[in-house]
Peer 1: 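One structure is given below, represented as structure tokens, and several questions about it will come after.
Position 1 is the first residue of the sequence, and the numbers go up from there.
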Amino acid sequence: MSLSARSMACGLEQAGAVARKLATRLGLWSVGALLGGCATYHALPLPEPGKLPAQLAELRGAPAAGTTLDVATIERLVLLNNPDLRRARAEHKVAQAQMLQAGLLPNPALNGSLGYLISGAGDSTAWTAGISEDIRALVTLAPRRAAAQAAAAQVDASLLWQEWLTVGQARLLVVDLVEGERLAAAQQHSLGLLQQRSERMRQSMADGNHDLATAAPDLAAAADAQAAADDLQRRLLGQRHALNALLGLAPDAVVPMPTRLDLPAPDTTQMHQQIDTLPRRRPDLVALQLGYQAQEATLRAAVLAQFPALSFGYSASQDNSRVRNGGPAISFELPIFDRNQGNIAIAKATRQQLHDEYRDRLNSAHGEIDALLAEQVQARAQLAALQQPLHEAANEATHAEHAWQAGLIDLRSYVDLVAAAQARQSGAIALEQAVLEQQVAIDTLVGAGMPASLPQEVIAP
């Protein structure tokens with residue numbers, strides 16, 4: 001070998017040694033950087049069994065003790081303290097993590113091997129090294145990222161709808177409790193009189209002045225009134241427990257509420273405007289739109305995934321005789337059997353399913369609202385027609401009390417007139433409760449109080 005050839009070989013060998021040292025150091029630095037950016041595990045023990053708050057003042061955001069809560073305050077406390085909503089809000093973090101994962105670039109792949117010389121004419125260790133990147137993952141990155149963003153927004157819209165339904169449930173319970181307490185107060189007055197008349201009739205039977213056939217109507221009326229009062233008390237107790245559960249309170253905690261609720265006439269013009277903007281305002285419909293957009297992006301990603309699996313990179317090698325070479329490396333999948341037809345078909349069918357579900361939900365929402373509006377018109381008309389007979393019955397009961405106290409009528413007639421007035425009052429309270437319940441349902445279905453439209457970046461990510 002000539003001197004120049006030897007010098008060149010020596011230079012190549014020194015350059016190779018320097019390159020190997022540099023590669024070793026770079027590898028160590030890379031490993032250190034990767035380890036420095038890695039997440040670490042921390043245990044999260046389960047909590048010990050606890051007790052629910054026994055007083056309203058223990059709730060987050062609770063007003064001062066002794067304050068009578070209006071409907072708006074109860075709604076706010078439900079949003080702040082409801083256990084189911086706290087659990088549901090954890091889905092937001094999961095969706096954000098999934099969106100983060102979908103937006104990450106695929107890692108490049110490194111490969112290498114060593115071939116130690118065992119026999120033959122060579123005088124060095126053979127090696128190969130290469131780096132490559134999955135091109136198909138890069139092609140489908142944008143639609144996958146868009147699908148994840150829409151899915152995360154869908155989770156937020158679904159959570160908002162769950163919060164809205166929970167608030168509507170709280171409103172309905174407040175209506176039932178306030179109107180139920182009014183009904184219970186009306187029942188107690190007539191129940192006392194019926195029991196008083198029943199006791200006198202029993203005493204008269206014991207004295208031999210009346211027989212059982214004569215006393216049976218009075219005894220049955222008192223028993224029926226007692227059964228109705230007991231049934232109402234059981235229902236009210238269950239509703240108090242349900243409201244406390246929504247607030248995250250112990251069942252026996254006391255929640256002070258108003259004694260009357262207003263019955264404002266609905267603004268028909270505003271109501272129809274809210275119905276017209278329903279697809280942009282009601283969270284469940286917005287969630288379905290976002291789910292549809294996510295599926296559109298998923299379908300686009302499936303179509304792009306027809307692109308054959310392709311990895312592109314660079315590889316270099318050295319054989320045992322120190323011959324080195326390097327150049328681009330391509331790994332290409334032949335699309336003969338699988339062209340992602342199955343995933344495309346699934347994505348298309350799912351998109352059609354979401355399309356039909358949105359159409360049906362929108363039509364159902366309009367039908368439910370129209371039905372409730374018609375029912376409320378009828379109920380308000382019946383309530384207005386009941387006001388005059390109710391006023392007359394109350395006057396008759398007042399006159400009957402004066403006549404009874406003056407000895408002009410007997411106890412039986414007096415109690416019958418008072419019971420008739422109480423029946424009309426109970427009917428009016430039940431009708432008021434029905435109107436309020438219908439109004440709560442309408443407000444919930446039209447999203448009354450929701451913004452006129454969600455921000456554009458939420459609706460169309």
Side-chain angles (χ1 to χ4, degrees), residues 172-205 210 212-240 257-265 375-441:
L172 192 60
L173 286 170
V174 171
V175 167
D176 292 341
L177 285 169
V178 171
E179 297 301 311
E181 292 293 347
R182 290 182 59 205
L183 181 59
Q187 284 182 345
Q188 285 301 319
H189 179 59
S190 61
L191 176 61
L193 292 176
L194 288 170
Q195 288 177 339
Q196 181 182 356
R197 188 177 70 177
S198 175
E199 290 299 324
R200 289 194 178 185
M201 186 59 68
R202 290 181 185 278
Q203 184 61 44
S204 179
M205 289 173 57
H210 290 88
L212 183 59
T214 306
D218 295 344
L219 300 178
D224 291 343
Q226 183 64 59
D230 292 343
D231 181 68
L232 177 60
Q233 291 300 327
R234 288 193 300 270
R235 188 164 67 250
L236 289 174
L237 181 60
Q239 290 166 349
R240 291 190 194 97
M257 285 183 295
T259 56
R260 289 295 298 265
L261 297 174
D262 295 331
L263 279 172
E375 291 171 6
Q376 190 174 66
V377 169
Q378 182 190 56
R380 285 184 179 272
Q382 292 175 348
L383 185 60
L386 192 60
Q387 296 306 309
Q388 182 62 30
L390 182 63
H391 180 69
E392 293 175 355
N395 288 336
E396 291 172 358
T398 301
H399 294 324
E401 183 177 3
H402 293 160
W404 178 61
Q405 292 176 350
L408 300 177
I409 60 175
D410 59 7
L411 180 62
R412 175 188 290 271
S413 300
Y414 166 58
V415 173
D416 287 340
L417 289 170
V418 171
Q422 186 271 325
R424 286 187 178 274
Q425 185 179 5
S426 298
I429 293 173
L431 203 51
E432 286 183 11
Q433 181 175 344
V435 170
L436 287 169
E437 289 175 347
Q438 290 167 354
Q439 189 61 52
V440 168

Peer 1: Which pair of non-hydrogen atoms, one from R197 and one from D416, has the smallest distance, and what is that distance?
Peer 2: NH1-OD1, 2.9 Å
Peer 1: Minimum heavy-atom separation for A379 to Q438, with atom names?
Peer 2: CB-OE1, 3.8 Å
Peer 1: First locate atom CD of E432, then atom CZ of R260, and finally report the distance between them rounded to the nearest 0.5 Å.
Peer 2: 5.5 Å
Peer 1: Give, for atom CG of L417 and atom CG of L193, the distance between the pair rounded to the nearest 0.5 Å.
Peer 2: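 Reported value, rounded in 0.5 Å steps: 11.0 Å.
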Peer 1: Would you name the heavy atoms of L236 and A184 that are closest together and state the gap between them?
Peer 2: CD1-CB, 4.4 Å
Peer 1: Atom CG in D224, atom CG in L191: separation rounded to 0.5 Å?
Peer 2: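 Rounded to the nearest 0.5 Å, the CG-CG separation comes out at 11.0 Å.
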Peer 1: Does one side chain, of E199 or Q195, offer a donor that lies under 3.5 Å from an acceptor on the other?
Peer 2: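 Looking only at side-chain atoms, Q195 and E199 do not form any donor-acceptor pair under 3.5 Å.
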Peer 1: In terms of heavy-atom contacts, does CZ of R240 have more than 12 from other residues, nucleotides or ligands at under 6.0 Å?
Peer 2: yes
Peer 1: Grab the two heavy atoms, one from Q187 and one from A229, that are nearest each other, plus how far apart they are.
Peer 2: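 Taking every non-hydrogen atom into account, OE1-CA, 3.4 Å.
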Peer 1: Measure across A419 and S190 and return the closest heavy-atom pair with its distance rounded to 0.1 Å.
Peer 2: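 Nearest heavy atoms, A419 then S190: CA-CB, 4.5 Å.
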Peer 1: If you round to the nearest 0.5 Å, how far is NE2 of H399 from CG of L408?
Peer 2: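 Those atoms lie 13.0 Å apart.
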Peer 1: Report the residue from Q226, R234, Q233 that forms a side chain to side chain donor-acceptor pair (under 3.5 Å) with D230.
Peer 2: Q226
Peer 1: Testing the basics here: between L386 and L431, what is the closest heavy-atom pair and its distance to 0.1 Å?
Peer 2: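 Shortest heavy-atom separation between L386 and L431 comes out as CD2-CD2, 4.5 Å.
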Peer 1: So which pairs with a foot in residues 377-394 pass salt bridge (charged side-chain N to carboxylate O under 4.0 Å, His left out), sequence neighbours left out?
Peer 2: none
Peer 1: For the backbone of L194 and the side chain of S198, can you confirm whether one donor and one acceptor N or O come within less than 3.5 Å of each other?
Peer 2: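 It does not hold such a pair.
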Peer 1: Check whether the side chains of T398 and N395 place a donor and an acceptor atom closer than 3.5 Å, and report yes or no.
Peer 2: no
Peer 1: Can you measure from CG (L183) to CD (Q433) and round to the nearest 0.5 angstrom?
Peer 2: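 These two atoms lie 8.0 Å from each other.
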Peer 1: Who pairs with Q425 by side chain to side chain contact (heavy atoms under 4.5 Å, CB included), at least two apart in sequence or on another chain?
Peer 2: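 Partners of Q425 by the side chain to side chain contact (heavy atoms under 4.5 Å, CB included) criterion, ordered by chain and then number, come out as A186, L390, I429.
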Peer 1: Rounded to the nearest 0.5 Å, how far apart are CD of E179 and OG1 of T259?
Peer 2: 10.0 Å
Peer 1: Between R235 and D231, does any side-chain N to carboxylate O distance fall below 4.0 Å?
Peer 2: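 Result for this pair is yes, salt bridge flagged.
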Peer 1: Applying side chain to side chain contact (heavy atoms under 4.5 Å, CB included), name anything that partners Q405, two or more places apart in sequence or on another chain.
Peer 2: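 Partners of Q405 by the side chain to side chain contact (heavy atoms under 4.5 Å, CB included) criterion, ordered by chain and then number, come out as E401, H402.
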